[in-house]
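Per chain, numbering begins at 1; letters A, B, ... match sequence-line order. What you see is a predicted model, and the numbers here were worked out from it, not measured in a lab. Computed from heavy atoms alone, side chains included, the values below leave out hydrogens, waters and symmetry copies.
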Amino acid sequence: MATNCKDYTPADIEAHWQEYWEKHKTFKAVDFSDNPKFYILDMFPYPSGTGLHVGHPLGYIGTDIFARYKRMRNVNVLHPMGFDAFGLPAEQFAVEHGVHPRVTTEKNIENMVRQLKRLGLSYDWDRAVATTDVNYYRWTQWIFLQLYHSWFDPMENRARPIDDLVKMLGQEECFVTRTGEIVRSRDKTARDKQGGILTWASLSDREKNEALAHHRLAYLAEVPVNWCPALGTVLANEEVTNDGRSERGNFPVHQRPLKQWMLRITAYAQRLEKDLDLVDWPQPIKLMQHNWIGRSDGALVRFTIRHGEAAPPREAPSDTEVSVFTTRPDTLFGATYMVLAPENPLVETITTPEQRDAVAAYREQAAARTDLERQAETRIKTGVFTGAYAINPVNDEPIPVWVADYVLMGYGTGAIMAVPAHDERDFEFARQFSLPIRPVVMPDDCWLRTQAPKEHVTPEDTETLRRLYTDKPAAFPEAFTGRGTNLNSVNQDIDLNGLPTDEARHKITNWLESKGLGNAQTQYKLRDWLFSRQRYWGEPFPILHGPGGEIVPVDEQDLPVELPEMEDFRPHGSDDPDAPPQPPLGRAPDSWRFVELDGVRYERELNTMPQWAGSCWYYLRFCDPHNSERFAGKEAERYWMQGQNAEGPVPTGGVDLYVGGAEHAVLHLLYARFWHKVLYDLGHVSSPEPFRRLFNQGYIQAYYYEDERGIRVPADQVVDQDGKSAEQVQDAPDRRFFYEGRPVTQHYGKMGKSLKNAVAPDDVCEEYGADALRTYLMFLGPLEAMKTWNTQGIEGVSRFLKRIWREIVDREGNRGSKIRETAEQNPETLRLLNETIKKVGEDIEEMRFNTAISQMMIFVNHLQKCDSIARDTANALVRLLAPFAPHLAEELWARLGETPSVTSAPWPEYDPSRLEAETVKVVFQINGKYRGDAEVAKNADRETVLAAAREQPRVAAHLEGKTVRKVIYVPGKILNIVAS
RNA sequence: GCCCGUGUAACCCAACUGGCAGAGGUAGUGGACUUAAAAUCCAUUCAGUGCGGGUUCGAAUCCCGCCACGGGUACCA
C-alpha cells in the first residue's frame, strides 16, 4: 500500500495518498450513525480567478486537523466544502475577462478544487455545492418565497404564515389601522393612537394586498438606498464603507430613493441580539453584532404643534402631532427646542409661510449632499427654524421646531427633542444658534471640577460650581451627558427633583404613559435588509409583476426560475448618479421576461438577489445536498444540526464548529442567523441558531513593495542590494530593495492580489510538500492571530517531518532497525510520550495547533537521542502526526506494517500516572530572588524541602544573620523564604 | 472621538489559574562528517516582557495611567 520511495519525497507520497483517499471515499460523511456526530464547517470561498494564496487555507487546515482528529476519536464527522459563486466579485472578473460568468465560475471552481485537494484536505467532496447550481438556487428562491409568504407576529415574537394573518383579519381577531398597522382588538391604546381601525371585509383587494405588504418579511418598498452608479447597482448598508464608498471596488455611493425588495430583518432585532447568549462565539464578534443591532431603551414622547397665538402655522391641521424617541426621558424638562430631519415629511405640514423658502432651500441643500460630503464638513451644525412651535408636554411650554441634518430620518421617528444641557450634539447646535440651555441634571462634583471654566471659580468651591452650573451651563465647555440628580424638573403633577437619573427616567416614563403622552420604547439601529441588486450574476427573484402593478409570487412548483442565457450581461454603470438603474435582465429575451398566466401577461422581476443570499443557508444544504424534494431532508437536517454532538447535548444545536474570517461579522453571520430563525419559526429547521461555535482565524500578512510612483510591484521579483530575493532577507537589517533595477519601498499588509504579495500554495507544495505547508501554517502562531508569511521559516517544519521519516524508515526504505517490537524501555520516553499525547489532544480541542506541533518537535528531538524506539511509541507518534501531516502519516503507518488507513486508527490514549517524574525540581528563593534549586521527591512536604534548602551553602549564606519571617512553599515548584 | 484586540530575543512564537522569562522554530556563530558542497548532527550568542506607577513574599500574567500597531464604528437622540 505504501509507495516505494526510499527517501521522503512528498510529491510522490502525497499524490499517492490523495488518490487512495479519493478512491476509497475515505472522508465520506454518512447520515445517521451510532457514533456521535460533529459538523465542522469552513466559510466557503468565492472562486476567484486568481485562485488561492497561502492565506486562504489557514482556516481550512485548522478545521481539517480538527476533523481528522475527531474521526480518529470515532466521531461521525461532516466536513464539507462549497463555493459562493454568485455576486459581484465573480461577475466583475467575468466582465474584466469578457467571458460569461458561468464559464469563468466553473473554471475557477475547478482550479480551486484542485488546489484544495492538493493540500490533502479531508472534505467529503460528494457534498460539494456551488450557490450558482440551478439545483441549489432553486432552494434559495424557495426560501425567499417562505419569507414573502410570512409575517412577523409581534405578540408571539415569531414568524408565521401570512395566511394566518389573513385568517385572523377575516375573523376580526385583529384589524388594520388607517396607517396600515395591524392591531389586536384588545390593544386599545394602539387603536386610539392610529386614528381608527378598518375591518378586513371593508377593504378592496388592492388595499388588502397593501396592508399585507406592510407585514411580509419580504416586501417591495420605495426607500432611500445606497445607489452605486459605477457598479450600476444598489448596496446594503453593510456593504458601504464608513466613508460612503462601495466595499467592492471603492466607488462612490449616493443616497437616492428607489423601489426595491427589502427583507424585514428588523423584526428579529430583539431575538438576534438576545440569542447571542446562546452561542459560543468570540466576544468581539458578538460585540460587533450587538453594536450593529444597536438596541437602545427609552421612551416615545408625543408633542403637539401649537396653533395658538405664539406662532400659529396657518395651514397646519389642528391635530398635528410629533413623536420623538429619547433615551433620556428624565431630561424632558430640559427640552428647549425640537429638531426634525430634513427628509421628515412633517416638515412640510408645520413650516410657517414666512419660513417656507428658507426651509425649502435647506432641505434641497441637504438632499444634494452625499453622506461623504456630510462627513467632510467637519461637523459644523447647520439648520433652519420652521417657524412652528411644539408644546413640551411636561410644562406646556412652546419650544421652536427646527430642521437640521444632524437628525437622521432613518432612526427613531426622524425627530428629536433637543436637550442641549445634556446632549453633546444639541449643546453644539444650541450654542451655534443661541438657543436656550436649561440644566435639569446636576453633575457629580468630579465632573464640575474638571470641566469648570478656570476664570470663573476655584475648582474646590463646589457650592459655587453648582450655582454656576445651574445659572449658566453654557459657561462649561461641554454638555453633561452622564448620570446625576434631577433639578428644575417639577410641574403640578410630577416632581423629579432630587431623583437620581435612573429613578427619574422610570418615574417620568410611567407618568407619560398614565397621561397618554408617551410610552416606553426600544429602538434598534439595525435597518431592513436591502435585497435587490441590478446585476446579472445572481439568483432571479421568483416574482412576477402584473399589468396593474400587482405582485404575484411564482408558484413553488414552478421553481427554479432559471437565469436566462444572455450575450450581454454587463451592468450599465454610469457616472450620473441620477440615471435610472438598468438591470441587465431588462435585456433578457422576451420569452424569459414575460409569462402568461390565465391570459394575463406578467413581467418577471428584473433585479437579482445579492451575494449574501446563497451563503445564508449553504450549511443546511450540506446536510443533504442532492435532495430534490426539499432544501435538505428533514431527518438529515435534524441529525446534523440538532441537539447532541460528540461533546454531549447542546440545546442551541447548529453547526458544531464554524471557522472563518472576522470580516463577515455583521454581513454573512447576521443575515444567515436571520434566515435561520425564520426557517426555525416556520418549522423547517430544528435549531434556533445556525452556528453554535464560531472561531475566527487571523490573516496572513506579508511585505509588499511600491516604486517611487506608489505603484505596487510583484513582491516575488524584488531583490535587495546584493541581488538576493526580498523573500530571503525580508527581516534582515539595512536592506534596500529594487525591482527591475529601480528602488522600491517595503510595506506590510494583508496578503492578496491587490498588494501583489500573494504566495501561491501550489509553489510551496511543489518545493516542500503539502504536509510541510500545512504544518508550517499551523506552526506560525495561534490560529486566531495575525501572522507574517516568511517562506524561509518553513525549513523548520520541513526538517521536523524529515526527521520523523528518518527515525522510522531506513536508507533502503524499510522499517528502521531502531524500531523494536518490545515495549518501550526508556522511562523518560514513556513519560514524554504520555505528556505529548495529552498536550496534542488538548491543544487540538482548543485549536492551539502551534503548541501541539512544538510538543511533537520536543518529543521527536528526544527520540532522536534514543538508541531504540518501541514500535508502539512510533505507532502512537504517527497517529498524533496524522491530523497535521496526513500524507506522511499514512505512509509511515503503512511502513510500520499497520493496515491503512491511519485516518481511521484510534487516537492514542495517555496514562495519567506516567505523566510525572519521580522527582521534581524545586527552586529556592530568598526574598523572591533565585538562590538555588534541588531535585526533591514529587510529594515531599514543606519541612523536608525547607531542610534541603537550608543545606545549600548559597541559601545558608543569604540567611546569615537574618530572621526568617515567612516561608512560602508551592509544592513541586518553588520555596520562597522571606527574611530580614 | 468611542468600543474591541495585540505588544516577550534579530525574527516567528511558548510560559498551567501570579511561582527560575525560554519550550519549539527561523536567522547568526563555532564545530563534526565530506575531496568539496548540500543534507545531517553537535555546540553556542542574543531579551528581562511597549512606557510609568501600584498590589504581592513573588507580576509577562492582576489593578491604575499612558504610548504604538491592528480591527470595528462614527452626529443612532
Side-chain angles (χ1 to χ4, degrees), chain A residues 7 241-243 282-288 290-292 294-296 298 324-328 331 339 374-375 379 381 404-408 410-419 422-426 428-429 481 523-527 662-663 665-666 698-699 701 728-733 748-750 776 779-782 784-800 802-803 806 848 850-851 853-861 864-865 921-933 965-970 972-980:
Chain A
D7 299 322
T241 61
N242 55 23
D243 43 40
Q283 215 49 46
I285 298 288
K286 286 193 184 185
L287 220 106
M288 279 160 68
H290 178 95
N291 290 339
W292 191 264
R295 177 193 171 115
S296 39
V324 301
F325 174 72
T326 175
T327 51
R328 292 293 299 272
T331 62
V339 185
R374 279 197 196 187
Q375 304 226 340
R379 290 191 175 212
K381 299 260 185 300
D405 67 1
Y406 82 92
V407 172
L408 310 173
Y411 185 78
T413 60
I416 60 152
M417 65 175 209
V419 184
H422 305 294
D423 180 280
E424 276 174 47
R425 296 148 300 180
D426 298 342
E428 259 177 62
F429 190 85
T481 57
Q523 280 291 335
Y524 295 92
K525 240 158 62 169
L526 185 70
R527 317 279 172 86
E663 66 272 23
V666 290
Y699 303 127
Q701 309 244 93
Q728 302 286 315
V729 296
Q730 59 185 23
D731 292 320
Y748 183 62
K750 187 180 170 188
Y776 178 53
F779 184 65
L780 270 175
E784 67 275 21
M786 207 161 59
K787 287 165 287 251
T788 310
W789 176 260
N790 182 343
T791 304
Q792 284 245 290
I794 199 171
E795 290 289 350
V797 291
S798 177
R799 282 175 200 150
F800 162 66
K802 286 183 203 160
R803 202 169 290 162
R806 279 198 312 271
R848 293 187 306 242
N850 54 328
T851 47
I853 294 165
S854 295
Q855 183 63 40
M856 288 191 283
M857 286 175 167
I858 293 168
F859 186 51
V860 172
N861 288 350
Q864 198 183 315
K865 295 187 181 89
K921 192 170 92 171
V922 171
V923 167
F924 304 136
Q925 293 184 342
I926 292 168
N927 295 334
K929 290 217 172 61
Y930 174 87
R931 301 296 180 208
D933 56 60
R965 306 218 168 263
K966 202 170 170 188
V967 177
I968 296 122
Y969 178 53
V970 183
K973 284 194 175 139
I974 204 160
L975 181 89
N976 188 15
I977 303 168
V978 186
S980 60

Write down the partner of B/rG1 under the Watson-Crick or G-U wobble criteria, each distance required to be under 3.5 Å. B/rU73
As its Watson-Crick or G-U partner within any shown strand, both distances under 3.5 Å, B/rA43 has B/rU29
Quick one: is B/rA39 close enough that its OP1 or OP2 comes under 4.0 Å of any side-chain N or O from A/Arg806? no
Using OP1 and OP2 only, check whether a side-chain N or O of A/Asn790 sits under 4.0 Å from B/rA27. no
Taking a pair to mean Watson-Crick or G-U wobble geometry with both distances below 3.5 Å, B/rA68 pairs with B/rU6
Looking just at side-chain N and O atoms, do A/Thr791 and A/Tyr776 make a donor-acceptor pair shorter than 3.5 Å? no
Students often mix this up, so state it plainly: with edges at 30° and 60°, are the rings of A/Phe429 and A/Tyr406 parallel, tilted or perpendicular? tilted
Pick the nucleotide of RNA chain B nearest each of A/Lys787 and A/Lys525; which residue has the one closer to the 5' end? A/Lys787
Who passes side-chain contact (heavy atoms from CB on, under 4.5 Å) against A/Pro282, sequence neighbours left out? A/Pro284, A/Ile285, A/Leu694, A/Asn696
Counting only side-chain nitrogens and oxygens, does A/Arg799 get under 4.0 Å of the OP1 or OP2 atom of B/rA39? no
Under the side chain to side chain donor-acceptor pair (under 3.5 Å) test, residues paired with A/Gln864 that sit two or more places apart: A/Arg803
Using heavy atoms to find the nearest nucleotide of RNA chain B for A/Arg295 and A/Ser854 separately, return the residue whose nucleotide is more 5′. A/Ser854
Applying ring pair (Phe, Tyr, Trp, His ring centres under 6.0 Å), can you list everything that pairs with A/Tyr969, at least two apart in sequence or on another chain? none
Which nucleotide wins on minimum distance to the side chain of A/Lys865, given the candidates B/rG24, B/rC42, B/rC75? B/rC42
Run the side-chain contact (heavy atoms from CB on, under 4.5 Å) test against A/Ile926 and tell me which residues pass, sequence neighbours left out. A/Arg931, A/Val955, A/His958, A/Leu959, A/Ile977
Going by the rule side chain to side chain donor-acceptor pair (under 3.5 Å), which residues pair with A/Asp7 if we only count those two or more places apart in sequence or in a different chain? none
Quick one: classify the glycosidic conformation of B/rG58 as syn or anti, with syn meaning within 90° of 0. anti
Which nucleotide sits closest to the side chain of A/Pro782: B/rA23, B/rC13, B/rA77? B/rC13
Complementary nucleotide of B/rA23, counting Watson-Crick and G-U pairs under 3.5 Å: none
Using nucleotides 55-61 of chain B, report all nitrogen or oxygen pairs with the protein that are shorter than 3.5 Å.
{"from": "B/rC57", "atom 1": "O2", "to": "A/Asn976", "atom 2": "ND2", "distance (Å)": "2.1"}

Just name whichever nucleotide pairs with B/rA14, Watson-Crick or G-U, keeping both distances under 3.5 Å, else none. none
Side chain of A/Leu780 only, please: which of B/rA77, B/rC41, B/rC12 is the nearest? B/rC12
What is the separation between atom NZ on A/Lys802 and atom P on B/rG25, rounded to the nearest whole Å? 15 Å
What's the spacing between A/Phe325 CZ and A/Ser296 OG if we round to 0.5 Å? 4.5 Å
Pairwise N/O distances under 3.5 Å, protein to nucleotides 16-18 of chain B:
{"from": "B/rC16", "atom 1": "N3", "to": "A/Lys973", "atom 2": "NZ", "distance (Å)": "2.9"}
{"from": "B/rC16", "atom 1": "N4", "to": "A/Lys973", "atom 2": "NZ", "distance (Å)": "3.0"}

Partner residues of A/Phe859 under the ring pair (Phe, Tyr, Trp, His ring centres under 6.0 Å) criterion, sequence neighbours left out: none
Apply side-chain contact (heavy atoms from CB on, under 4.5 Å) to A/Ala415 and list each qualifying residue two or more places apart in sequence or on a separate chain. A/Val322, A/Val324, A/Leu340, A/Asn344, A/Thr413
What's A/Asp426 touching, base or sugar-phosphate or nothing? Going by heavy atoms closer than 4.0 Å. nothing
When we call it a touch if two heavy atoms are under 4.0 Å apart, what does A/Asn850 touch: a base, just sugar-phosphate, or nothing? sugar-phosphate
Phosphate-side-chain proximity, A/Arg803 and B/rC41, N/O vs OP1/OP2 below 4.0 Å: yes
Between B/rA68 and B/rG25, how far apart are the C1' atoms? Round to whole Å, please. 27 Å
Whole-Å distance between B/rG5 P and A/Met288 CE? 13 Å
Minimum-distance nucleotide (side-chain atoms of A/Leu287 versus B/rC3, B/rA27, B/rA74): B/rC3
OP1 or OP2 of B/rA23 versus the side-chain N and O atoms of A/Thr851: is any pair under 4.0 Å? no
Spell out, as yes or no, whether a donor-acceptor pair under 3.5 Å connects the side chain of A/Arg328 to the backbone of A/Thr481. yes
